[in-house]
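The block underneath contains the structure these notes are about, expressed in structure tokens.
On a predicted model such as this, the values are computed, not experimentally measured, just so you know.
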Amino acid sequence: RRSCYSMEAFGLGSRWSDLSDADQQITAHALGTYCAGQGGTGQMTILESETRRKLAHWDGKEFERF
């Protein structure tokens with residue numbers, strides 16, 4: 001689930017951790033790009049859907065994993 005307005009995307013932490021580092025970065029970039037196309041900033045914070053723990057952040061240029 002994603003919300004371009006709040007710049008957040010939610011997913012299962014177990015599925016996120018199953019992705020390779022490169023795939024995590026590609027996913028965050030793709031979500032940010034999609035939201036930028038919808039009029040957002042292009043930033044995206046990936047959160048664990050049940051606990052809302054931050055998993056990663058894409059600021060439009062750089063990817064950070066937590």
Would you sort out whether Asp21 and Arg65 count as a side chain to side chain contact (heavy atoms under 4.5 Å, CB included), showing the intermediate values? CA-CA 9 Å; Asp21 292 348; Arg65 195 175 290 105; 3.4 Å; yes
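- The minimum heavy-atom distance linking Glu48 with Phe10 is given by the pair O-CD2, 4.4 Å.
- The minimum heavy-atom distance linking Ser49 with Leu12 is given by the pair OG-CD2, 3.7 Å.
- Using bins of under 30°, 30° to 60° and over 60° for the plane-to-plane angle, the ring pair His29/Trp58 lands in the perpendicular bin.
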Given Gln24 and Phe63, is the side chain to side chain contact (heavy atoms under 4.5 Å, CB included) satisfied, shown in steps? CA-CA 9 Å; Gln24 288 178 358; Phe63 177 70; 3.9 Å; yes
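- Taking all atoms of both residues into account, the shortest heavy-atom contact from Ala36 to Gly42 is CB-CA, 3.8 Å.
- Taking all atoms of both residues into account, the shortest heavy-atom contact from Leu55 to Leu47 is CD1-C, 4.0 Å.
- We find the NZ-OG1 distance between Lys54 and Thr45 to be 5.5 Å, quoted to the nearest 0.5 Å.
- Residues Ile46 and Trp16 are in side-chain contact: their nearest non-hydrogen atoms beyond the backbone lie under 4.5 Å apart.
- Across all their heavy atoms, Met7 and Gln43 have their closest contact at CB-O, 3.5 Å.
- Of all the heavy atoms in Arg2 and Tyr34, the pair that sits closest is NE-CE2, 3.0 Å.
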